[in-house]
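See below for the structure under consideration.
What you are looking at is a predicted structure, and each value in this text was computed from that prediction instead of being measured.
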2 protein chains.
Amino acid sequence: MSADSTRASIRAVASLAGVSPSTVSRALNSPELVNAETRRRVLECAERLGYQPNRAAQSLVLGRTRNVGLIVPDIANPFFAPFIKGVEAYFRDTEYAVFLADTDEDTATEVRLAEAMVERVDGLILCAPRMSGTRLRAIAAKTTVVLANRTSRAAPSILQDFQPGMDQAVAHVHALGHRRCAYLSGPANSWSNRRRRRFLGVACAERGIELVDLGPYEPRFTDGYRAADEVLAAGVSAVFAYNDLVALGVLSRVTARGVPVPNEPGGRGLSIVGFDDIPMASMTNPPLTTVAIPVDAVSRAAAATMHSMLDPGAPKAPPLPPAAELATRLLIRGTTGPV
Amino acid sequence: MSADSTRASIRAVASLAGVSPSTVSRALNSPELVNAETRRRVLECAERLGYQPNRAAQSLVLGRTRNVGLIVPDIANPFFAPFIKGVEAYFRDTEYAVFLADTDEDTATEVRLAEAMVERVDGLILCAPRMSGTRLRAIAAKTTVVLANRTSRAAPSILQDFQPGMDQAVAHVHALGHRRCAYLSGPANSWSNRRRRRFLGVACAERGIELVDLGPYEPRFTDGYRAADEVLAAGVSAVFAYNDLVALGVLSRVTARGVPVPNEPGGRGLSIVGFDDIPMASMTNPPLTTVAIPVDAVSRAAAATMHSMLDPGAPKAPPLPPAAELATRLLIRGTTGPV
DNA sequence: GACGAGTATGAAAACGTTTGCGGAACAGTG
DNA sequence: CACTGTTCCGCAAACGTTTTCATACTCGTC
């Protein structure tokens with residue numbers, strides 16, 4: 001029921017195999033340095049004793065933990081689930097284990113967690129971190145970090161190219177006849193939010209669409225409720241939400257208020273465009289038109305980058321996927337229609 | 001950009017403070033053993049050098065890592081998110097860090113991950129593990145384990161009491177006039193599934209409701225699609241799904257096929273009852289009637305149990321919440337109606 | 001038959017802590 | 001003053017590995 005019964009040490013297998021601990025270590029880590037026959041014997045003895053090298057001792061002498069940390073703002077946000085899974089899947093058949101933590105979208109928690117992790121990992125993957133650039137640099141000084149959805153000179157970052165998706169979305173909405181739209185802003189200190197807003201602004205300006213800013217809102221379903229009423233009050237015919245959760249909140253609330261989605265011939269109604277393409281987005285009624293993010297590519301790229309930074313000679317790890325893979329794109333479904 | 005620049009060791013602060021390493025260690029860990037003044041000086045020096053004890057060295061000598069592992073079947077299953085958050089929140093202001101891993105609902109992966117974690121943690125919280133009892137015992141022999149949603153003699157388990165919720169659900173459906181219902185089974189080797197099915201069976205038998213078994217299905221939205229068609233073919237007026245994801249899949253597919261939810265006066269239609277009360281459940285149209293699980297209580301109890309097993313003298317950790325807290329209960333929303 | 005080049009192995013140091021043991025200083029007691 | 005007890009602190013061992021260095025042995029080669 002507990003971790004007692006003194007696990008077999010390297011010395012135990014050494015004496016069982018009639019060799020020195022050094023030889024056991026070599027047999028395990030650098031096979032080419034030991035005689036094939038003794039190696040076989042050592043391995044057999046190790047197997048017999050159920051020998052597992054003590055991680056702490058290895059870490060101590062090697063100066064590395066074989067752990068990597070992964071910090072995301074919110075596990076419950078379905079956008080991050082595939083990201084997490086991607087990273088975990090990458091490291092699964094690696095000697096690394098991954099520490100996952102969730103900051104609850106809170107910057108202070110994020111910093112605390114990052115500090116706590118630094119001591120236990122070789123590298124830290126920060127997904128959409130909100131902390132200040134200074135903090136980020138401080139962390140990056142202490143360990144290897146890779147950023148996703150956030151730029152910084154302190155560490156390499158994996159980014160999506162928001163432009164194509166945003167451009168397609170605006171073109172789509174413009175083609176449907178919308179001329180006055182709203183943007184539901186996400187957290188103010190979020191890099192994603194600023195980028196999305198920027199490209200949206202550019203695309204709208206190019207096409208002569210008037211853009212109303214609302215928010216900021218937390219990227220949660222319930223914040224979409226709040227947003228919905230403001231959207232309706234703002235007198236726009238279409239709305240771009242910071243992300244799908246907010247969009248779905250809007251959809252739910254707007255529908256409940258009897259406003260048709262998408263717009264109806266009579267001029268009433270609202271078109272909604274989300275962002276992320278979370279699984280739920282295709283399950284609603286009507287299904288959500290949204291800008292899809294190549295999250296698998298992003299997570300794999302982040303993991304691979306980390307891996308190759310930690311083990312420069314790693315066998316896996318294509319350095320970086322071609323930029324094209326990271327492009328966003330519009331998925332037209334049921335929540336957008338002609339005005 | 002990397003983890004170099006040789007962090008300050010305990011020796012460095014010792015020599016700066018003009019004491020021996022032992023004294024520094026004691027000043028940090030057992031304040032009562034050192035003179036107040038020297039302690040102050042040591043602490044100040046440690047602070048000045050930004051000293052952080054080397055975790056690996058501590059682990060090596062203490063034989064404990066101050067890490068706990070948490071393994072769940074699927075992060076993307078929104079039922080687990082609150083569970084994870086609960087555990088993480090509990091350990092946040094503790095000296096423990098938590099390793100989270102996701103098995104992708106795969107037993108082999110689960111075993112692999114558990115094995116990998118055993119070397120890196122002091123204890124393992126297994127949420128709804130699918131592995132065999134034998135395996136479970138093997139793991140429990142190597143480290144401290146706490147189970148959630150799974151019984152075993154090998155380790156303490158935190159369970160929900162499915163009975164009240166199931167009973168309420170059946171009573172509700174019975175009151176609405178349903179007499180022939182289906183159960184959409186979850187994974188065959190899932191303890192939750194067996195329990196849910198059992199109590200459901202009993203409650204239905206008591207009230208003279210005929211119960212049709214369908215499945216098993218994976219607990220995913222898309223499996224709900226598949227299930228929906230079988231449900232419709234089975235000629236039942238109400239269905240109990242293994243969990244909310246499946247229920248929502250059914251809802252989506254059934255609605256798409258033009259079958260009203262809930263039942264209409266004419267005799268057509270279907271009533272749907274889910275299980276878990278995931279956030280999405282209240283967001284659909286109509287919102288899902290479901291059996292809510294006290295997931296916060298379960299996760300906190302699991303974490304607290306682990307904590308008190310690891311540090312018997314822990315200051316926090318109320319041993320176990322009263323059993324009542326762990327009872328499930330029915331949430332009547334929009335997907336159930338009179339037949 | 002000595003020598004150089006490999007090849008295979010062991011001894012020991014090192015990694016950074018914690019902690020048992022003992023010693024020094026000091027105060028209190030007879 | 002001799003003693004006992006306390007308080008504070010340093011020495012050194014120990015934790016389980018990896019790796020450097022040295023050594024012993026085996027082969028060919030001149």
Side-chain angles (χ1 to χ4, degrees), chain A residues 3-43 45-46 49-67 95 118-122 142 311, chain B residues 3-43 45-46 49-67 95 118-122 142 311:
Chain A
D4 39 30
S5 77
T6 68
R7 299 188 3 200
S9 81
I10 202 174
R11 253 184 278 278
V13 0
S15 74
L16 178 60
V19 297
S20 77
S22 332
T23 303
V24 176
S25 174
R26 277 189 281 254
L28 262 27
N29 305 318
S30 353
E32 72 282 5
L33 289 183
V34 358
N35 180 291
E37 162 57 17
T38 49
R39 167 150 197 265
R40 199 197 49 70
R41 204 171 64 242
V42 166
L43 259 36
C45 294
L49 294 180
Y51 170 70
Q52 294 280 106
N54 178 313
R55 218 98 203 170
Q58 288 183 315
S59 294
L60 182 57
V61 51
L62 296 178
R64 42 187 7 215
T65 61
R66 302 280 152 168
N67 296 149
E95 50 189 345
V118 159
E119 314 166 21
R120 319 170 120 98
V121 301
D122 295 337
K142 288 197 245 179
D311 302 318
Chain B
D4 38 31
S5 77
T6 71
R7 299 190 2 203
S9 83
I10 201 173
R11 254 186 277 279
V13 0
S15 74
L16 179 58
V19 298
S20 78
S22 333
T23 302
V24 176
S25 174
R26 276 189 279 254
L28 262 28
N29 304 319
S30 348
E32 72 283 5
L33 289 183
V34 355
N35 181 290
E37 162 56 17
T38 48
R39 168 149 198 266
R40 200 197 50 68
R41 203 169 67 242
V42 166
L43 258 37
C45 294
L49 294 181
Y51 170 72
Q52 294 281 106
N54 178 313
R55 218 103 201 165
Q58 287 183 314
S59 294
L60 181 55
V61 52
L62 296 178
R64 42 184 10 211
T65 61
R66 303 279 150 167
N67 296 151
E95 49 190 346
V118 159
E119 312 167 22
R120 319 168 120 99
V121 301
D122 295 336
K142 287 197 246 179
D311 302 318

Short side-chain N/O contact to dG16(C) OP1/OP2 from Gln58(B), under 4.0 Å: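 So the side chain of Gln58(B) is outside the cut-off, no N or O lying under 4.0 Å from OP1 or OP2 of dG16(C).
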Ser25(A) vs dT18(D): side-chain N/O to OP1/OP2 distance below 4.0 Å: yes
For the base of [N], is there a side-chain donor-acceptor partner from [X] under 3.5 Å away?
{"X": "Arg7(B)", "N": "dG16(C)", "result": "no"}
{"X": "Thr38(B)", "N": "dC9(D)", "result": "no"}
{"X": "Thr23(A)", "N": "dA8(C)", "result": "no"}
{"X": "Arg55(A)", "N": "dG16(D)", "result": "no"}

Starting from [atom2] on [N], measure out to [atom1] on [X] and report it in whole angstrom.
{"X": "Glu37(A)", "N": "dC25(D)", "atom1": "CD", "atom2": "P", "value": "19 Å"}
{"X": "Gln52(A)", "N": "dT17(D)", "atom1": "CD", "atom2": "C1'", "value": "14 Å"}
{"X": "Arg11(B)", "N": "dC11(D)", "atom1": "CZ", "atom2": "C1'", "value": "12 Å"}
{"X": "Ile10(A)", "N": "dG10(C)", "atom1": "CD1", "atom2": "P", "value": "12 Å"}
{"X": "Glu32(B)", "N": "dT19(C)", "atom1": "CD", "atom2": "P", "value": "12 Å"}
{"X": "Asn54(A)", "N": "dT17(D)", "atom1": "CG", "atom2": "P", "value": "5 Å"}
{"X": "Leu62(A)", "N": "dC15(D)", "atom1": "CG", "atom2": "P", "value": "19 Å"}
{"X": "Asn29(B)", "N": "dC9(D)", "atom1": "CG", "atom2": "P", "value": "15 Å"}

Distance in Å, Lys142(A) NZ paired with Glu119(A) CD, rounded so as to fall on 0.5 Å steps: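 If we round to the nearest 0.5 Å, Lys142(A):NZ and Glu119(A):CD are 8.0 Å apart.
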Atom pair CD1 (Ile10(A)) and CG (Leu28(A)), whose distance is rounded to the nearest 0.5 Å: 6.5 Å
Partners passing side-chain contact (heavy atoms from CB on, under 4.5 Å) against Glu37(B) (at least two apart in sequence or in another chain): Asn35(B), Arg40(B), Arg41(B)
Given [options], the nucleotide with the shortest approach to the side chain of [X]:
{"X": "Leu60(A)", "options": "dG16(D), dC9(D), dG10(D)", "value": "dG16(D)"}
{"X": "Arg26(A)", "options": "dT9(C), dG16(C), dG10(D)", "value": "dT9(C)"}
{"X": "Ser22(A)", "options": "dA11(C), dT17(D), dC9(D)", "value": "dA11(C)"}

Does [X] use its side chain to pair, donor to acceptor, with the backbone of [Y] at less than 3.5 Å?
{"X": "Arg7(A)", "Y": "Gln52(A)", "result": "yes"}
{"X": "Ser30(B)", "Y": "Glu32(B)", "result": "no"}
{"X": "Arg120(A)", "Y": "Arg55(B)", "result": "no"}
{"X": "Ser9(B)", "Y": "Arg11(B)", "result": "yes"}

Sugar-phosphate only, base, or nothing, as touched by Val34(A) at under 4.0 Å among non-hydrogen atoms: sugar-phosphate
Residue mapping more 5' on DNA chain D - nearest nucleotide basis, Ala56(A) or Arg39(B):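 Whichever sits nearer the 5' end wins; that is Arg39(B).
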Side chain to side chain, Leu49(A) and Leu16(A), heavy atoms closer than 4.5 Å: yes
Between the first and last five pairs of the helix from dG1(C)-dC30(D) to dG30(C)-dC1(D), the angle of the axes, rounded to 10 degrees: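 What I find for the helix from dG1(C)-dC30(D) to dG30(C)-dC1(D) is an axis angle of 60°.
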